[in-house]
Protein chains: 2
Amino acid sequence: MKNATSLAKIDGIDKKILRFLMEDARKPVLEIARSIGISGAAIHQRLRKLEASGLLSGSKFIVNPKSLGYTTMAYIGIYLDKAMSNPMAVKQLEKIPEVLECHYTTGNWSILIKVLCRDNEHLMQVLNKEIQAIEGVSRTETFISLAQQIDRQISI
Amino acid sequence: MKNATSLAKIDGIDKKILRFLMEDARKPVLEIARSIGISGAAIHQRLRKLEASGLLSGSKFIVNPKSLGYTTMAYIGIYLDKAMSNPMAVKQLEKIPEVLECHYTTGNWSILIKVLCRDNEHLMQVLNKEIQAIEGVSRTETFISLAQQIDRQISI
DNA sequence: CTTGAAACGAGTGCAAC
DNA sequence: GTTGCACTCGTTTCAAG
């Protein structure tokens, strides 16, 4: 089995296919086939290969959080006590649904997380009642995202 | 036309459909139909409604950056000169493909960006030759993500 | 690695409830 | 708002170039 971290060799046709599907995962394979001038079966086989190589790690429907009343996004830097191990903290953070990302970072903090809340009050509750309540969390620094102006994937 | 920021009313069936598709955008509608016990046509119509309401903002194939040799992710806080407007800086940042996200944040920085690079050397080049070169960028603070331990969408 | 054909299954629109 | 049907179209496999 191929290691997921091994480099995939992709050619120009693979790139074209990926560019279409990164924009719209449900775009029919045959439509892509017509656009780039090869057969649908060829695309299908290339996709199977890309998937097997670990380059394609799935597809997702994107939901607009604003439509669900979630309008406040924030990054929170977390300082951990020396005694608190990172994996233990992550385990607790996983239980908080508002936490969308969690990074183990260099620099001031031990952990940087991204949270999505309905409003500032909701964010305050998550901070005070959920995150600060985690054993080993000593201090946090919050940065509210007033606007997300770029959001994209790696360009290929 | 409905405003994208208006709250969508979704029921339990909508939620079930969304949970399936947020995991795998290419999951066949009829398969979902069988799982939750309604007809395929009903799901099709609900999806059209959700799309029209702005709740569904598309679908994406997820590519694994490691397979392309991109192993270094970092967050960079950017201080802007007073004279430099945020939109002008964002316009420059958009031209840098390594910049995946850009947030206008409260707190110390004017801007917080997420970048994805092949390695530390590549990151250094992006920092020194691309980001620091932008007119109005006075100082940056870089936080390398040693590991991304959580990565998910809003839970519904 | 690519193609074309064939079989299967899914997407879509519509009429009816 | 849901259903069943019918038709169209896409997906997938396979043998062969």
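Values in this document were obtained by computation on a predicted structure and should not be read as measured data. Within every chain, numbering begins at 1; the chains are lettered A, B, ... in the order of the sequence lines, protein sequences first and strands thereafter.
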S.K.: Just list the side-chain donor-acceptor pairs under 3.5 Å for residues 24-41 of chain A, sequence neighbours left out, or say none.
M.R.:
from	atom 1	to	atom 2	distance (Å)
Asp24(A)	OD1	Arg26(A)	N	3.0
Asp24(A)	OD1	Ser59(B)	OG	3.2
Arg26(A)	NH1	Ala25(B)	O	2.3
Ser35(A)	OG	Glu31(A)	O	3.0
Ser39(A)	OG	Ala42(A)	N	3.1

S.K.: State, to the nearest 10°, the angle formed by the axis through the first five base pairs of the helix from dC1(C)-dG17(D) to dC17(C)-dG1(D) and the axis through its last five.
M.R.: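 The value is 30°.
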
S.K.: Using a strict heavy-atom distance below 4.0 Å, which residues from residues 27-46 of chain A are in contact with DNA chain D?
M.R.: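 Heavy-atom cutoff 4.0 Å gives Pro28(A), Val29(A), Leu30(A), Arg34(A), Ala41(A), His44(A), Gln45(A).
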
S.K.: If we ignore hydrogens and angles and just use 3.5 Å, is the side chain of Thr142(A) paired with the main-chain N or O of Ile76(A) as donor and acceptor?
M.R.: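 Judged by distance alone, no pair lies under 3.5 Å.
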
S.K.: Arg48(B) side chain to Ile43(B) main-chain N or O, any donor-acceptor pair under 3.5 Å?
M.R.: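 Side chain of Arg48(B) to backbone of Ile43(B): no pair is present.
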
S.K.: For DNA chain D, determine which residues of residues 11-21 of chain A have any heavy atom closer than 4.0 angstrom to one of its atoms, and list them numerically.
M.R.: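 Contacts with DNA chain D under 4.0 Å: none.
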
S.K.: Establish, from distance only, whether the side-chain atoms of Glu141(B) and Tyr79(B) form a donor-acceptor pair under 3.5 Å.
M.R.: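 There is such a pair (donor and acceptor under 3.5 Å, judged by atom type) between the side chains of Glu141(B) and Tyr79(B).
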
S.K.: Give the rounded distance in Å between these two atoms: CG of Leu47(B) and P of dG1(D).
M.R.: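 Going from CG in Leu47(B) over to P in dG1(D) covers 14 Å.
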
S.K.: Do Asp11(B) and Arg46(B) meet the salt-bridge criterion of a basic N to acidic O distance under 4.0 Å?
M.R.: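 A salt bridge is present here (some side-chain N lies under 4.0 Å from a carboxylate O).
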
S.K.: Measuring centre to centre across the rings, with the benzene-like ring taken for any Trp, is Phe20(B) within less than 6.0 Å of Phe61(A)?
M.R.: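 No - the distance between ring centres of Phe20(B) and Phe61(A) does not fall below the 6.0 Å cut-off.
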
S.K.: Can you list the residues that meet the salt bridge (charged side-chain N to carboxylate O under 4.0 Å, His left out) rule with Glu130(B), with sequence neighbours excluded?
M.R.: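 By the salt bridge (charged side-chain N to carboxylate O under 4.0 Å, His left out) rule, Glu130(B) matches no residue at all.
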
S.K.: With a cut-off of less than 4.0 Å, is there a side-chain N or O of Arg26(B) near OP1 or OP2 of dT11(D)?
M.R.: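 Yes.
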
S.K.: Tell me, with the steps shown, if Ile150(B) and His103(A) meet side chain to side chain contact (heavy atoms under 4.5 Å, CB included).
M.R.: CA-CA 7 Å; Ile150(B) 299 178; His103(A) 298 265; over 6 Å; no

S.K.: Are Leu116(B) and Tyr70(B) close enough, and set up right, to give a side chain to side chain contact (heavy atoms under 4.5 Å, CB included), and what steps lead you there?
M.R.: CA-CA 7 Å; Leu116(B) 182 60; Tyr70(B) 284 73; 3.9 Å; yes

S.K.: Under 3.5 Å, which donor-acceptor pairs do the side chains of residues 83-98 of chain A form with other protein atoms, sequence neighbours left out?
M.R.:
from	atom 1	to	atom 2	distance (Å)
Ser85(A)	OG	Met88(A)	N	3.4
Asn86(A)	OD1	Gln149(B)	NE2	2.7
Glu98(A)	OE2	His122(A)	NE2	2.8

